[in-house]
Amino acid sequence: MLAIETKNLSKRYKTKTAVDSLNLSIKQGELFTLLGVNGAGKTTTIKMLTCLSKPTSGDAILLGDSIISNPFAVKEKINISPQETAVARNLSVKENLEFTAKIYGFDRKETALKVQEMLDTFSLAEVSPNKAKTLSGGMQRRLSIAMALISDPQILFLDEPTLGLDVIARRQLWSAIEKLKGNITIILTTHYMEEAEALSDRIGVMSKGKLRAVGTTAELTAKTSTGSLEDAFVSLATLEEATG
Ligand SMILES: Nc1ncnc2c1ncn2[C@@H]1O[C@H](COP(=O)(O)OP(=O)(O)OP(=O)(O)O)[C@@H](O)[C@H]1O
């Protein structure tokens with residue numbers, strides 16, 4: 001069974017087609033990156049796949065369930081770390097994780113185990129008693145991802161996880177994401193080429209709501225006869241300008 005299969009997934013606002021007939025297949029355990037410039041349609045795609053926004057037309061099947069006809073089943077299997085982190089600023093790191101575990105109905109023993117696992121995986125043990133608002137941007141993002149993983153989702157969505165982070169914080173977040181690879185399906189959005197290249201099994205290039213190409217870095221560079229992902233991306237964007 002595929003983790004995600006979209007069928008002509010589309011979202012139109014009044015005058016704007018944000019996502020245009022997206023057809024995409026993502027395997028279980030894959031780390032798949034949607035790469036595109038601002039306004040390409042990445043966040044709108046994530047919002048539809050996480051049942052936060054209804055498609056105008058088309059559908060997506062996540063682990064066998066449709067986002068249109070069975071959104072509750074979909075929501076049980078997924079979680080998202082959104083662009084704006086979802087941490088409670090006045091709670092400590094540990095309290096944020098415990099609070100999330102309680103929402104999902106874990107008992108005290110399960111909560112303690114899960115919280116410790118997340119503190120270790122995301123190198124947050126040292127700041128566990130500190131209020132979230134005192135953390136650096138990078139640590140807040142790591143906490144946000146840890147909170148999204150508490151419920152043991154089978155698919156995790158990361159919307160621009162390293163936006164605004166410095167190079168050190170970005171590398172720390174990459175290594176946290178790398179630890180998750182293979183155990184869970186991850187859909188990541190970014191407009192950083194080096195991030196897509198460092199983390200992804202496959203990359204989907206989006207521009208102006210359309211999926212222009214899908215493949216590994218090597219496949220995308222071969223397809224465009226270029227020497228780097230950045231050149232491949234520019235080539236695909238230029239192609240898009242020619243074809244509309
Ligand atoms: N609620 C809305 N109403 C009207 N237009 C919208 C709405 N949300 C998004 N759009 C438009 O749809 C297009 C795609 O936006 P989206 O946020 O999905 O892009 P993105 O690739 O995630 O960009 P970014 O990297 O800036 O987050 C943009 O042109 C945006 O202005």
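Counting starts at 1 for both ligands and their atoms, following the listed order. Throughout, residue positions are numbered sequentially from 1 according to the sequence presented.
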- Message: With a heavy-atom distance limit of 4.0 Å, tell me whether K16 approaches ligand 1 through its side chain, its backbone, both, or neither.
- Response: side chain

Nearest-neighbour protein heavy atom for [atom], which is reported as residue plus atom name and distance:
atom	answer
atom 15 (O) of ligand 1	T44 OG1, 3.8 Å
atom 19 (O) of ligand 1	G41 N, 3.2 Å
atom 13 (C) of ligand 1	G39 O, 3.7 Å
atom 5 (N) of ligand 1	Y13 CD1, 3.3 Å

- Would V37 count as a contact of ligand 1 if the rule is a heavy atom under 4.0 Å away? yes

- Quick one: does E160 get within less than 4.0 Å of ligand 1, heavy atoms only? yes

Please report the shortest heavy-atom distance between [X] and [Y], naming the atom on each side.
X	Y	answer
I67	L49	CG2-O, 3.9 Å
T33	T190	CG2-CG2, 3.7 Å
G227	T221	C-CG2, 4.2 Å

Go through the side-chain N and O atoms of [X] and [Y] and say whether any donor and acceptor fall under 3.5 Å apart.
X	Y	result
E195	T162	yes
R212	S207	yes
K133	N90	yes
S10	D20	no
S53	K11	yes
S81	S144	yes

Heteroatom proximity flag, [X] to ligand 1, N/O under 3.5 Å:
X	result
G36	no
T45	no
A18	no

Check each atom of ligand 1 against the heavy atoms of [X] and keep those under 4.0 Å away; list them by number with element.
X	answer
T43	17 (O), 18 (O), 20 (P), 22 (O), 27 (O)
N38	23 (O), 24 (P), 25 (O), 26 (O)
A40	19 (O), 20 (P), 21 (O)

- Quick one: does atom 26 (O) of ligand 1 have a protein heavy atom under 4.0 Å from it? yes

- Looking at atom 9 (C) of ligand 1, would you say a protein heavy atom lies below 4.0 Å from it? yes

- If you draw a 6.0 Å radius around NZ in K77, do more than 12 non-hydrogen atoms from other residues or ligands fall strictly inside? yes

